[in-house]
Asker: 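Please read through the structure below; I'll follow up with questions.
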Amino acid sequence: MDKKDLKILKVEISPEDKLKKALNKIKKECIKINPNCCGFETSQACETRFGGSAYSEKNDKAPICNNCGKPLTFVFQFREKYDKDLKPSGKLYSVYYCFDCVPIGCADEEKGQWAVVAHDNPENAKFIEQKENISSVLNPTSCTLSKIFILPDYESLENNHPEIAELCEEIDSDDPMSAYEDIGQEIGCEMEPCTTLGGYPIWIQGESSKVCPKCKKENMELVAQIDSEEAANLMFGDAGCLYVFRCPEHEDGFAIEMQCF
């Protein structure tokens with residue numbers, strides 16, 4: 001058969017398959033924090049957990065809000081690294097927040113209304129209970145960890161990946177967000193806001209960028225998204241989230257954003 005007589009069949013790729021391929025390229029693996037059992041024991045001092053007594057060592061001072069003068073509330077703590085089996089290592093970071101002043105992370109806010117305290121080598125044997133920062137509202141809650149894949153919220157997708165947003169509109173012009181969420185779930189991504197370490201921030205009120213307090217660069221990375229968690233009786237505003245960012249160049253360069261409905 002002559003080559004010119006051969007018919008080349010073109011396989012049409014559906015918009016849905018195009019969207020799956022595009023989303024698989026931008027999805028990120030992160031760690032989902034699942035509140036588990038209420039209560040606190042000293043053996044859990046270095047664990048990833050909510051509420052109760054933050055990890056503290058001898059001579060540590062209780063963080064105080066610079067605005068109202070009250071002790072900051074210990075909210076959540078997590079480790080710097082987790083291996084493939086989710087075994088923790090590295091520094092332990094404890095997140096404190098003033099629920100009286102309710103900082104949202106604006107540049108002109110009074111400093112010291114929140115804090116991220118680091119301990120280089122945490123050990124249960126070195127733990128000393130710090131009663132000043134224990135909330136009477138939050139339930140001390142242990143957690144289980146799991147690996148998940150996550151995608152940016154739809155507004156961030158439109159801003160940073162408009163070509164992918166166009167695929168969603170091609171699939172469903174009336175409700176492109178639903179098309180996005182449906183395909184995201186099909187490729188195994190968590191599409192609802194939750195407490196995570198790493199991954200993308202799932203914004204509630206719109207995309208934001210943070211500036212490192214040390215070098216003033218806008219290249220901060222999300223290290224934790226702390227959701228309002230019913231099990232821990234934790235609530236930021238009206239079912240909001242606290243986003244914690246760190247500068248990749250300065251380990252003690254942290255910033256926060258609090259958004260709620």
Side-chain angles (χ1 to χ4, degrees), residues 30-36 38 48-52 54 63 65-78 93-116 133-143 148 150-159 175-178 180-181 184-185 189-211 220 222-246 254-261:
C30 64
I31 297 174
K32 182 178 180 181
I33 307 300
N34 309 288
N36 190 10
C38 290
T48 305
R49 56 185 173 83
F50 293 94
C65 176
N66 289 344
N67 193 53
C68 67
K70 297 179 181 179
L72 295 176
T73 297
F74 166 62
V75 175
F76 177 67
Q77 67 181 35
F78 60 98
Y93 295 109
S94 301
V95 180
Y96 296 80
Y97 187 82
C98 183
F99 286 94
D100 289 303
C101 298
V102 194
I104 60 174
C106 291
D108 59 354
E109 284 179 342
E110 176 74 31
K111 306 300 180 185
Q113 297 182 56
W114 59 272
V116 179
N133 302 102
I134 298 177
S135 169
S136 60
V137 176
L138 269 65
N139 298 325
T141 308
S142 60
C143 305
I148 63 169
I150 196 167
L151 290 164
D153 58 81
Y154 193 72
E155 182 180 341
S156 296
L157 185 82
E158 290 180 306
N159 293 338
D175 191 2
M177 187 183 298
S178 290
Y180 178 54
E181 292 175 351
Q185 289 177 342
C189 292
E190 176 72 53
M191 301 302 292
E192 294 293 330
C194 54
T195 299
T196 55
L197 302 178
Y200 292 103
I202 305 302
W203 300 109
I204 295 174
Q205 294 183 346
E207 194 171 31
S208 178
S209 62
K210 310 307 297 183
V211 176
M220 301 197 79
L222 179 76
V223 291
Q225 174 174 297
I226 308 171
D227 199 8
S228 293
E229 296 285 0
E230 184 178 357
N233 203 29
L234 171 63
M235 181 70 70
F236 291 105
D238 183 9
C241 280
L242 184 72
Y243 309 86
V244 182
F245 297 85
R246 184 177 63 186
F254 285 94
I256 66 147
E257 176 97 4
M258 195 281 278
Q259 294 186 0
C260 60
F261 292 95

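Computed from heavy atoms alone, side chains included, the values below leave out hydrogens, waters and symmetry copies.
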Asker: Ring pair (Phe, Tyr, Trp, His ring centres under 6.0 Å) with Tyr243: which residues, sequence neighbours excluded?
Answerer: Trp203
Asker: Quick check: closest heavy atoms across Ala239 and Ile204, and the distance to 0.1 Å?
Answerer: O-CD1, 4.1 Å
Asker: Side chain to side chain contact (heavy atoms under 4.5 Å, CB included), that's the test. Do Ile33 and Phe76 meet it? Break it down for me.
Answerer: CA-CA 11 Å; Ile33 307 300; Phe76 177 67; 4.0 Å; yes
Asker: What are the two closest non-hydrogen atoms of Ala231 and Cys38, and how far apart are they?
Answerer: O-SG, 3.6 Å
Asker: Is there a side-chain contact between Asn34 and Asn36 (heavy atoms, below 4.5 Å)?
Answerer: no
Asker: Would you call Cys30 and Ile148 a side-chain contact if the rule is heavy atoms closer than 4.5 Å?
Answerer: yes
Asker: How close do Asp238 and Met235 get, counting heavy atoms only, and between which atoms?
Answerer: C-SD, 4.2 Å
Asker: Test side chain to side chain contact (heavy atoms under 4.5 Å, CB included) on Tyr180 and Leu151 and set out the steps.
Answerer: CA-CA 10 Å; Tyr180 178 54; Leu151 290 164; 3.2 Å; yes
Asker: Does some side-chain heavy atom of Leu234 sit less than 4.5 Å from a side-chain heavy atom of Ile226?
Answerer: yes
Asker: Are there more than 12 heavy atoms of other residues, nucleotides or ligands under 6.0 Å from atom CD of Glu109?
Answerer: yes
Asker: From Asn67 CG over to Cys98 SG, what is the distance, rounded to the nearest 0.5 angstrom?
Answerer: 7.0 Å
Asker: Is any side-chain heavy atom of Cys65 less than 4.5 Å from a side-chain heavy atom of Gln113?
Answerer: yes
Asker: Looking at OG of Ser178 and OH of Tyr154, how far apart are the two atoms once the value is rounded to the nearest 0.5 Å?
Answerer: 10.0 Å
Asker: With a 4.5 Å heavy-atom cut-off, do Tyr97 and Met258 have their side chains touching?
Answerer: yes
Asker: Can you tell me how far CZ of Phe74 sits from CZ of Arg49, rounded to the nearest 0.5 angstrom?
Answerer: 4.5 Å
Asker: Which is it for Leu242 and Val75 under the side chain to side chain contact (heavy atoms under 4.5 Å, CB included) test, yes or no, and what are the steps along the way?
Answerer: CA-CA 10 Å; Leu242 184 72; Val75 175; 5.6 Å; no
Asker: How far apart are the closest heavy atoms of Gly184 and Met191, and which atoms are they?
Answerer: CA-SD, 3.9 Å
Asker: Do side-chain atoms of Asn233 reach the backbone of Asn139 as a donor and acceptor pair under 3.5 angstrom?
Answerer: no
Asker: Is there side-chain contact between Pro35 and Phe50, with heavy atoms separated by less than 4.5 Å?
Answerer: yes
Asker: Of the non-hydrogen atoms in Gln225 and Tyr200, which two are nearest, and what is the gap between them?
Answerer: OE1-O, 4.0 Å
Asker: Give the C-alpha distance, both sets of side-chain angles, the deciding distance and a yes or no for side chain to side chain contact (heavy atoms under 4.5 Å, CB included) between Phe236 and Val102.
Answerer: CA-CA 8 Å; Phe236 291 105; Val102 194; over 6 Å; no
Asker: Could you check whether Glu229 and Thr141, counting side-chain N and O atoms only, form a donor-acceptor pair closer than 3.5 Å?
Answerer: no
Asker: Any idea which heavy atoms bring Ala255 and Val211 closest together, and the distance?
Answerer: CB-O, 4.4 Å
Asker: Glu190: which residues meet the salt bridge (charged side-chain N to carboxylate O under 4.0 Å, His left out) condition with it, sequence neighbours left out?
Answerer: Lys32
Asker: Taking Asn133 for its side chain and Pro63 for its backbone only, find out whether a donor-acceptor pair lies under 3.5 Å.
Answerer: yes
Asker: As an exercise, state the distance from OG1 of Thr196 to CD1 of Ile150, rounded to the nearest 0.5 Å.
Answerer: 5.0 Å
Asker: Is a side-chain donor or acceptor of Thr48 paired with a backbone partner of Phe78 at a separation under 3.5 angstrom?
Answerer: no
Asker: Please confirm whether the backbone N or O of Cys260 pairs with a side-chain atom of Gln205, one donor and one acceptor, at under 3.5 Å?
Answerer: yes
Asker: Rounded to the nearest 0.5 Å, what's the gap from CD on Gln259 to CD on Glu207? Could you check?
Answerer: 10.0 Å
Asker: Mind checking the CG-CG spacing from Asn66 to Leu72? Nearest 0.5 Å is all I need.
Answerer: 8.0 Å
